Structures are given as C-alpha cells and as structure tokens.
There are 2 protein chains.
Amino acid sequence: MTQIAQVSRIPKGKRTEIRRENERVILDAAERVFAEAGYGGATMQLIADMAGLPKANLHYYFPTKEALYRQVVRNIFEIWLQAAESFDDAPGPVEGIGAYIEAKMAISRRHPYGSKVWASEVMHGAPVIQDYLETTLRDWTAGRMALIQRWIDEGKMAPVDPRHLLYMLWAMTQHYADFGHQIETLNNGQPLSDAQWAEATETVKSVILRGIGVI
Amino acid sequence: MTQIAQVSRIPKGKRTEIRRENERVILDAAERVFAEAGYGGATMQLIADMAGLPKANLHYYFPTKEALYRQVVRNIFEIWLQAAESFDDAPGPVEGIGAYIEAKMAISRRHPYGSKVWASEVMHGAPVIQDYLETTLRDWTAGRMALIQRWIDEGKMAPVDPRHLLYMLWAMTQHYADFGHQIETLNNGQPLSDAQWAEATETVKSVILRGIGVI
DNA sequence: CTTCGTCTTGACCATACGGTCAGGAAATGA
DNA sequence: TCATTTCCTGACCGTATGGTCAAGACGAAG
C-alpha cells in the first residue's frame with residue numbers, strides 16, 4: 001500500500017515529479033494572472049513572479065504565452081464537464097437541476113479564477129476554444145435539452161424553454177464567481193461566509209425549482 | 001422652435017460640434033475594442049483605426065488610454081442606472097421586476113459591448129469604478145432590497161432573499177450580452193432573432209415571476 | 001485680410017513585452 | 001566514475017506600445 005502510494009506520487013522518479021510539480025505551479029499562477037489581468041494584460045513576468053520561477057523557466061515548460069493560456073482554458077473546461085454529470089442519473093428535475101445548481105455553485109466558490117478565465121475567453125469571441133463550443137458544448141447542451149424536454153413531456157415540470165433554462169442556470173451560478181468582486185463589495189468588502197454561500201445556493205435553487213413548477 | 005432646435009444641435013458653432021462628434025466616434029470605437037480585446041489587449045492604434053482617425057488625434061481628445069477607458073466605463077454605468085428606474089413607480093413585484101427584466105434584456109441586446117466592458121472591469125477587481133460600487137451601486141442595491149422586502153412583508157411575493165434575487169436578475173439579463181458569443185454559437189452561429197430575444201425575455205420573466213410566487 | 005485659438009497628424013522616443021540562447025547545474029543510468 | 005539527458009537561468013534581441021511634439025491646416029472673430 002505504501003509502495004502503491006509512492007508509485008502514484010512518484011511514478012517514474014524525481015524527473016517526472018519535478019516536471020509535474022512545476023507545470024502545476026505555473027498553471028495555477030497563470031490561471032490567477034489571466035483571470036485578474038486578462039490575456040492581454042497578463043505578462044509572462046507576472047506569471048513567473050507569482051509562480052516563484054524565472055521567466056525563462058516558463059518557456060521551458062510552455063513554449064509560448066498562448067500555449068500556456070490554452071492549457072489553462074482546457075483545464076477549466078474539464079472541470080465544467082465533470083459538474084455536468086450531476087445532471088445525469090437523476091429521476092427528475094428536482095434532483096437533477098438541484099444537484100447541478102449545487103455543483104456549479106461549489107465550483108464557483110472553489111475555482112473563481114477558472115470561471116473568470118472562461119468568461120473572459122467567451123467574451124472575447126472564444127478565439128481559443130471555439131471548436132469546443134461547436135462540438136463538446138453543443139452536444140452536451142443538446143443532450144440536456146432533450147432530457148429537460150422529456151421531463152416536461154412527462155409532466156414532471158412546467159413547460160419552460162429548455163435552452164433558456166440552461167442559460168439561466170449557467171448565468172446565475174457563474175455570476176457568483178465572475179462578479180465575485182462586486183458581490184464582495186456589496187457585502188461590506190467581506191468574502192461570503194459559509195452560511196452566505198449556503199444561503200445563495202438555497203435561494204437560487206428555490207427560485208428556480210419553484211419557477212419550473214416542481215415545488 | 002427651429003432656432004431652439006438648431007441651438008440644441010449646434011450650441012456654439014462648428015468647433016463644438018467637431019469636438020462632440022469626434023469624442024462620440026472615439027468613445028464608440030473604444031467601447032467596442034475594449035469589449036473585444038480587454039483593457040490590456042486593446043491598443044490605441046486599434047481604437048484609432050476603428051474610429052477612422054490617426055492615433056495622435058485620440059490623445060488630443062483623451063490624454064491617456066486609461067482616461068479614455070474611464071469615460072467608457074462611466075457612460076455604461078449611466079445606462080445601467082437609467083434601466084434601474086424601471087423598478088420604481090411599480091405597484092408590486094409583477095410590474096416592477098417584470099419591467100426591470102425587460103429593460104435589462106433590452107440593454108443587453110442594444111449595448112452588448114458596454115455590458116462586456118463592465119463585466120471585464122468587475123472581473124479584474126474594478127480598478128476604475130470601485131468608488132461607484134461602494135457608493136452609488138451600494139445605495140441603489142440597499143434601496144431596491146428594502147422595496148423587495150416591503151413587498152414580501154405585504155404578502156405580495158414569496159419570502160425570497162432580496163439580495164440574491166437581485167444578483168439573479170443581474171446575472172441572467174447580462175448573461176445574454178456577456179456570453180452572447182457562446183449563445184450565438186449554440187444557435188448555429190446565428191445571432192438571436194427578434195422572436196428568439198422575445199422568447200428569452202419571456203422565459204426569464206416567467207421562471208422568475210413564478211419562482212417568487214406571483215404567478 | 002489678419003489674427004488667434006482649435007484641430008490634425010507624421011515622425012519620433014523610451015519602455016516593456018514575448019521570446020531566444022548558450023552555458024551551467026542537477027539528475028539518471030551503466 | 002562517467003556519459004547522457006533533463007532542468008535551470010541571466011543576458012540578450014526585435015518588436016510593438018503608450019505617449020510626445022512640432023509644424024501645419026482650418027474655422028472664428030474683428
């Protein structure tokens with residue numbers, strides 16, 4: 001067991017571990033800097049300082065600024081997709097949509113920088129992840145719309161346009177990450193407490209679930 | 001009457017008119033470029049090209065890039081505040097919140113660039129409009145929260161946390177501007193038609209109004 | 001027509017940025 | 001121990017950017 005744990009942490013010796021760790025540190029720093037300064041405002045020097053590495057070292061692991069940015073955006077997309085699984089295996093809208101809201105609110109709290117990078121990328125016309133929008137996201141959206149439509153047809157919820165319902169879910173949950181600074185300012189400059197996050201999640205859930213006629 | 005009309009259009013001769021027109025052209029171009037490229041990614045040259053003026057001319061009207069950006073953000077804030085008036089003079093939540101959703105959806109369609117600049121500014125920590133958040137926006141929010149609470153106390157709507165209800169309204173309506181590119185991609189690359197905008201507005205209204213128990 | 005203040009703009013400057021590179025340090029394997 | 005590969009980094013480079021300036025064009029007023 002100890003052996004297995006070690007193997008999983010250091011799969012192929014110190015070399016691999018160094019690479020893995022440095023890439024992680026750089027990606028974390030880059031996510032934060034890209035979120036706070038935008039792609040154009042972010043500089044490799046800033047990311048290097050945040051990561052505690054010389055700038056030239058960044059270019060050793062990631063050839064260009066754009067390549068680093070691409071990797072950051074892709075990582076975020078993976079997290080989105082994982083949350084999307086909350087939708088499946090649900091007997092009806094109360095469980096499915098409720099779980100989805102909870103999952104996305106949790107992501108907004110845990111990965112605010114990632115959400116901002118994604119928002120920024122989309123706002124600028126999705127120059128990097130346009131293909132993802134046209135393939136993976138489009139397919140996922142179509143599948144969920146069909147599921148919601150099925151729930152409507154089965155009389156499990158009110159006849160609400162599935163597409164715009166999805167947009168509403170995305171908008172509200174991501175708002176708590178993307179506009180976190182505004183929300184914090186309106187909260188007397190304090191980050192939302194555990195209780196306030198729970199309250200926010202509960203309010204969103206209750207309004208939506210009542211709004212689609214399942215409460 | 002003709003005299004008055006002329007006076008209001010050309011108050012002080014051609015000089016003033018030239019200044020007014022050039023400032024307008026520059027601000028329009030700047031709003032679009034800031035929205036599409038972000039503050040850091042926007043260049044004075046790009047704005048100048050978009051405005052059809054030489055770069056040096058921009059610096060004649062606006063001393064620095066930051067000053068130009070500040071003016072763009074302030075203009076947007078004014079538009080936000082005007083829409084906020086929809087809330088007042090409403091006898092209850094159906095009219096007040098319904099009108100507010102319609103007004104903000106209309107703004108999202110007519111001023112998508114402005115909405116994106118605002119979102120970008122807030123996401124980057126509101127370096128320029130932090131004072132607005134702490135004064136004007138905070139006051140406005142407090143006033144509307146009190147109004148909503150009054151409606152709840154009077155039994156006109158379900159007891160929904162007023163603060164988070166406001167956040168939900170902002171999130172959903174601005175989402176159609178800020179994430180317009182994603183929405184367009186999911187609409188087979190086509191901008192939303194008049195009918196689709198009406199459908200979106202109707203869906204948001206119906207879910208929210210049912211969600212706060214007034215339908 | 002002359003004068004004066006406003007507007008226009010090509011050329012220019014200092015700086016900061018993304019990216020390169022050579023040469024050394026450290027880890028690996030025989 | 002020694003050879004080989006990977007990792008590290010200070011110094012450097014070409015370019016693009018925000019901003020300046022001086023000289024001229026244009027409208028207003030007498």
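Bear in mind that the values here come from a model prediction, so they are computed numbers and not experimental data. Computed over heavy atoms, backbone and side chain alike; hydrogens, waters and symmetry mates excluded.
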Item to check | Per-nucleotide protein contact string for nucleotides 4-15 of chain D (B base, S sugar-phosphate only, - none; heavy atom under 4.0 Å) | outcome: -BSBSBB-----

Checklist entry - Are the side chains of A:I107 and A:W80 in touch, meaning some heavy atoms are under 4.5 Å apart? => result yes

Checklist entry - To the nearest Å, how far apart are B:I26 CD1 and C:dT8 P? => result 9 Å

Validation: residues 36-58 of chain B side-chain donor-acceptor distances under 3.5 Å, sequence neighbours left out:
residue, atom, partner, partner atom, Å
B:E36, OE2, B:R32, NE, 3.4
B:T43, OG1, B:L46, N, 3.0
B:Q45, NE2, B:D49, OD1, 3.1

Item to check | Any donor-acceptor N or O pair under 3.5 Å, side chains A:Y167, B:Q182 | outcome: no

Item to check | Ionic contact status for A:D139 with A:R144, cut-off 4.0 Å | outcome: no

Item to check | Side-chain heavy-atom pair B:T185, A:L137 within 4.5 angstrom cut-off | outcome: no

Checklist entry - Between the side chains of A:Y113 and A:W118, does any donor sit under 3.5 Å from an acceptor? => result no

Checklist entry - Taking CE from B:M44 and C1' from D:dG19, how many angstroms apart are they, rounded to a whole number? => result 9 Å

Item to check | Close approaches to DNA chain D from residues 64-73 of chain B, in residue order (heavy atom, under 4.0 Å) | outcome: B:T64, B:K65

Next on the checklist: Applying a 4.0 Å non-hydrogen cut-off, can you work out what A:A48 is touching in the nucleic acid: base, sugar-phosphate, or nothing?
Outcome noted: nothing

Next on the checklist: Looking only at side-chain N and O atoms, does B:Q130 offer a donor or acceptor that is under 3.5 Å from a partner on A:H181?
Outcome noted: yes

Next on the checklist: Minimum heavy-atom separation for B:A103 and B:S86, please, with both atom names.
Outcome noted: CB-OG, 3.4 Å

Next on the checklist: Tell me the interatomic distance from B:F62, atom CZ, to D:dT20, atom P, rounded to whole angstroms.
Outcome noted: 16 Å

Checklist entry - For the pair made of CD in A:Q45 and P in C:dT15, what is the distance, rounded to whole Å? => result 17 Å

